[in-house]
Asker: 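Have a look at this one before I ask anything.
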Amino acid sequence: MLANVVVVVIATGVLFLLPDPPGTAGPSAPASAPGRQAQGAVPTPAPTPEPDLPPADLPQPITATPEFARQVKANEAGMVPVIMYHRIVKKRRASIDRTPDQVRREMERLARDGYVPVTAQEFATGRMDIPAGRHPVVLTFDDGHPSHFALDDAGMPVKDTAVGIIYQVAKKYPGFRPVATFWVNRQPFGLQSRADQARAVRWLSSRGFEVANHTWSHPYLPGLAKKGIAEQLVRVERMLKALGAGPSQTLALPFGAMPRKRSTVQKGSWDGTGFAFKAVFLAGAQPSVSPFAKDYDWRAVQRIQSNGKKGECRKWCSQYWLEWLDRHPGERYTADGDPERISIPRKLRGNISSKRRGQVNAY
């Protein structure tokens, strides 16, 4: 696992040093897209068409009896893949880049295998209220890159952006819920004007997506003092509040690098503004345990990098782990469809956190 984390740190660092491919913009440069406004210009009202897109609605809850839980093979103590994406580009420049076709194929595979997306916040709060017999997956996108979200002239998500791909898959596979988490820095989605940033954040938030904290300038947090870490987090919290989102319930650590004192990224304040997260996410290298499990650590939630099975990814990235979960279905989180109960095989009763044992529905 350590080797994979090192690879992620190096690859992410290289990604930030590389110039963006033509037609995209990095964290400090605007992307050229219809409707973007020069900084300092007076915002003009833009039309807000209501696109015909699949909703992110959750199903009506049911009451799961032990017999029903047995029938659907529920196991809410199982593992949950939290998949980490960075740039989506036609020509990969860094090992953690993915092409639109690669992202699309992976999401279609998830849909065929019975996975239903939930946000990082829903995962962290234990509100993975998906249909019985299905498996949660958390789709996460770091850095707020322009390839994650943009709208075309008709007000629809651009085809090969993350959001565009998610909706395409949701249309093809109606059970694939169109939600994801976007952890952003100081310039969400490469947009320069606050009006455009607010429009993007509100568009996403109103449709069930989560937009949350990835620090202001993507620093290596172990190299900062407590005050510097707090400033990095608070500046994003203030920005998101001004844009119509927040406060963030989740945080993704830049490079997956945890400060020596873990509490500095859990709760704190700077210049009179506070922050408090319900989960802090790493950058590798295996599926997370269930948030109901006694060994779940909200202060260091595991993710898996979206990638194939070459090099260090032979055993650590998404293709490997999705295949592994397919071969070991008893290790995978399978929902019971009941938000109030935690359904598990009787032999796993001891795996559930003591504060959740009153909700256990064992069979």
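Basis for what follows: all heavy atoms, side chains included, without hydrogens, waters or symmetry-related copies. Along the sequence shown, the residues carry numbers beginning at 1.
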Asker: Are any side-chain N or O atoms of Tyr167 and backbone N or O atoms of Lys159, one a donor and one an acceptor, separated by less than 3.5 Å?
Answerer: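 Such a contact is absent between Tyr167 side chain and Lys159 backbone.
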
Asker: Within a strict 4.5 Å, meaning less than it, do heavy atoms of the Glu210 and Thr250 side chains meet?
Answerer: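 They are in side-chain contact.
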
Asker: Examine Arg207 relative to Trp203 and say whether NZ or CZ is less than 6.0 Å from the centre of the six-membered ring and inside a 45° cone about the ring axis.
Answerer: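 So Arg207 does make the cation-pi contact.
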
Asker: Is there a side-chain contact between Met107 and Ile165, using heavy atoms and a 4.5 Å cut-off?
Answerer: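 They are in contact (side-chain heavy atoms under 4.5 Å apart), so the answer is yes.
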
Asker: Step by step, would you call Glu106 with Gln102 a side chain to side chain donor-acceptor pair (under 3.5 Å)?
Answerer: CA-CA 6 Å; Glu106 181 162 82; Gln102 287 172 330; over 6 Å; no

Asker: For the pair Asp297 and Arg262, evaluate salt bridge (charged side-chain N to carboxylate O under 4.0 Å, His left out) and give the outcome as yes or no after the intermediate values.
Answerer: CA-CA 12 Å; Asp297 185 356; Arg262 299 201 305 179; 3.2 Å; yes

Asker: What I'd like to find out is whether the side chain of Leu253 reaches to under 4.5 Å of the side chain of Thr215, using heavy atoms alone.
Answerer: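 No, their side chains stay 4.5 Å or more apart.
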
Asker: Would you check, one step at a time, whether the test ring pair (Phe, Tyr, Trp, His ring centres under 6.0 Å) holds for Trp183 with Phe281?
Answerer: CA-CA 10 Å; Trp183 281 307; Phe281 289 76; 5.0 Å; yes

Asker: Under the criterion salt bridge (charged side-chain N to carboxylate O under 4.0 Å, His left out), I'd like the reasoning laid out for Lys241 against Glu237: C-alpha separation, chi angles, the key distance, then a yes or no.
Answerer: CA-CA 6 Å; Lys241 181 178 180 180; Glu237 289 303 298; over 6 Å; no

Asker: Under a 4.0 Å N-O cut-off, is there an ion pair linking Asp326 with Arg109?
Answerer: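 Yes, this pair counts.
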
Asker: Between Thr181 (side chain only) and Ala120 (backbone N and O only), is there a donor and an acceptor less than 3.5 Å apart?
Answerer: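 Such a contact is found between Thr181 side chain and Ala120 backbone.
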
Asker: Quick check against the 3.5 Å criterion: does Glu122 have a side-chain atom that pairs as donor or acceptor with the backbone of Met128?
Answerer: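 Answer holds: no.
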
Asker: May I ask you to decide if the ring planes of Trp324 and Trp321 are parallel, tilted or perpendicular, using 30° and 60° as cut-offs?
Answerer: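 Trp324 vs Trp321 ring planes: perpendicular.
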
Asker: Checking side-chain polar atoms at under 3.5 Å, does Gln266 have a donor or acceptor matched by the opposite partner on Arg299?
Answerer: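 No, Arg299 and Gln266 have no side-chain donor paired with an acceptor closer than 3.5 Å.
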
Asker: Are Arg98 and Val89 close enough that some pair of their side-chain heavy atoms sits under 4.5 Å apart?
Answerer: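 Arg98 does not reach Val89 side chain to side chain.
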
Asker: Do Thr140 and Arg303 pair up side chain to side chain, a donor and an acceptor below 3.5 Å, judged on atom types alone?
Answerer: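 On atom types as modelled, these side chains qualify, holding a pair under 3.5 Å.
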
Asker: Heavy-atom distance under 4.5 Å between the side chains of Val289 and Asn351, does that happen here?
Answerer: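 When only atoms from C-beta onward are counted, Asn351 and Val289 do not touch, as no gap falls below 4.5 Å.
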
Asker: Keeping Asp97 on the side-chain end and Arg92 on the backbone end, is there a donor-acceptor pair under 3.5 Å?
Answerer: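 A pair under 3.5 Å: no.
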
Asker: Under a 4.5 Å cut-off applied to non-hydrogen side-chain atoms, are Leu325 and Tyr115 in contact?
Answerer: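 Yes, at least one pair of side-chain atoms sits under 4.5 Å.
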
Asker: Is it true that a side-chain atom of His218 and a backbone atom of Pro254 form a donor plus acceptor pair closer than 3.5 Å?
Answerer: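 No, because the side chain of His218 does not come within donor-acceptor range (under 3.5 Å) of the backbone of Pro254.
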
Asker: Has Ser147 got a side-chain atom pairing as donor or acceptor with Ile88's backbone, closer than 3.5 angstrom?
Answerer: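 Present.
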
Asker: Is the closest side-chain heavy-atom distance between Ile352 and Lys294 below 4.5 Å?
Answerer: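 Heavy-atom side-chain distance check fails, nothing below 4.5 Å.
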
Asker: Kindly determine whether Arg70 and Glu67 satisfy salt bridge (charged side-chain N to carboxylate O under 4.0 Å, His left out), including the steps that lead there.
Answerer: CA-CA 5 Å; Arg70 185 193 311 276; Glu67 182 55 34; 3.6 Å; yes

Asker: Is it the case that one hydrophobic cluster holds both Met79 and Phe292, taking links as side-chain heavy atoms less than 4.5 Å apart, direct or via other members?
Answerer: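 Not linked; separate clusters.
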
Asker: Do Gln232 and Ser217 get their side chains close enough for a donor-acceptor pair, meaning under 3.5 Å?
Answerer: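 Yes, a side-chain donor-acceptor pair sits under 3.5 Å.
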
Asker: Kindly indicate, with the supporting measurements, whether the criterion ring pair (Phe, Tyr, Trp, His ring centres under 6.0 Å) is fulfilled by His148 and Tyr85.
Answerer: CA-CA 9 Å; His148 296 165; Tyr85 299 90; 8.6 Å; no

Asker: Check whether the side chains of Asn361 and Ser343 place a donor and an acceptor atom closer than 3.5 Å, and report yes or no.
Answerer: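 Note: Asn361 and Ser343 side chains meet the donor-acceptor criterion.
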
Asker: Between the side chain of Asp196 and the main-chain N/O of Leu191, is any donor-acceptor distance below 3.5 Å?
Answerer: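 Between the backbone of Leu191 and the side chain of Asp196 there is no qualifying donor-acceptor contact (under 3.5 Å).
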
Asker: Distance alone, cut at 3.5 Å: any donor-acceptor contact between the side chains of Tyr320 and Gln286?
Answerer: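 No, Gln286 and Tyr320 have no side-chain donor paired with an acceptor closer than 3.5 Å.
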
Asker: With a 4.5 Å cut-off on side-chain heavy atoms, are Val265 and Leu221 touching?
Answerer: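 Yes; the side chains approach each other to less than 4.5 Å.
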
Asker: Hey, is Asp101 close enough to Lys90 for a salt bridge, meaning N to O under 4.0 Å?
Answerer: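 No salt bridge links Asp101 with Lys90.
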
Asker: So, does Asn307 use its side chain to make a donor-acceptor pair with the main chain of Ser95 at under 3.5 Å?
Answerer: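 Pair found, side chain donor or acceptor close to backbone of Ser95.
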
Asker: Between the side chain of Arg177 and the main-chain N/O of Ala56, is any donor-acceptor distance below 3.5 Å?
Answerer: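 Checked: pair present.
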
Asker: What verdict does the ring pair (Phe, Tyr, Trp, His ring centres under 6.0 Å) test give for Phe182 and Phe189, after you've listed the backbone C-alpha separation in whole Å, the side-chain angles of each residue and the deciding distance to 0.1 Å?
Answerer: CA-CA 10 Å; Phe182 296 95; Phe189 312 112; 5.8 Å; yes

Asker: Any salt bridge linking Arg356 with Glu76? Criterion: basic side-chain nitrogen under 4.0 Å from a carboxylate oxygen.
Answerer: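 Result for this pair is no, no salt bridge flagged.
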
Asker: Is the side chain of Asn75 donor-acceptor paired with the backbone N or O of Gly330 at a distance under 3.5 Å, no angle test?
Answerer: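 Side chain of Asn75 to backbone of Gly330: a pair is present.
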
Asker: Distance alone, cut at 3.5 Å: any donor-acceptor contact between the side chains of His135 and Asp113?
Answerer: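 Their side chains do not contain a donor-acceptor pair, so the 3.5 Å distance test is not met.
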
Asker: For Gln249, give me all partners under side chain to side chain contact (heavy atoms under 4.5 Å, CB included), at least two apart in sequence or on another chain.
Answerer: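 Partners of Gln249 under the side chain to side chain contact (heavy atoms under 4.5 Å, CB included) test: Gln121, Pro247, Lys278.
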
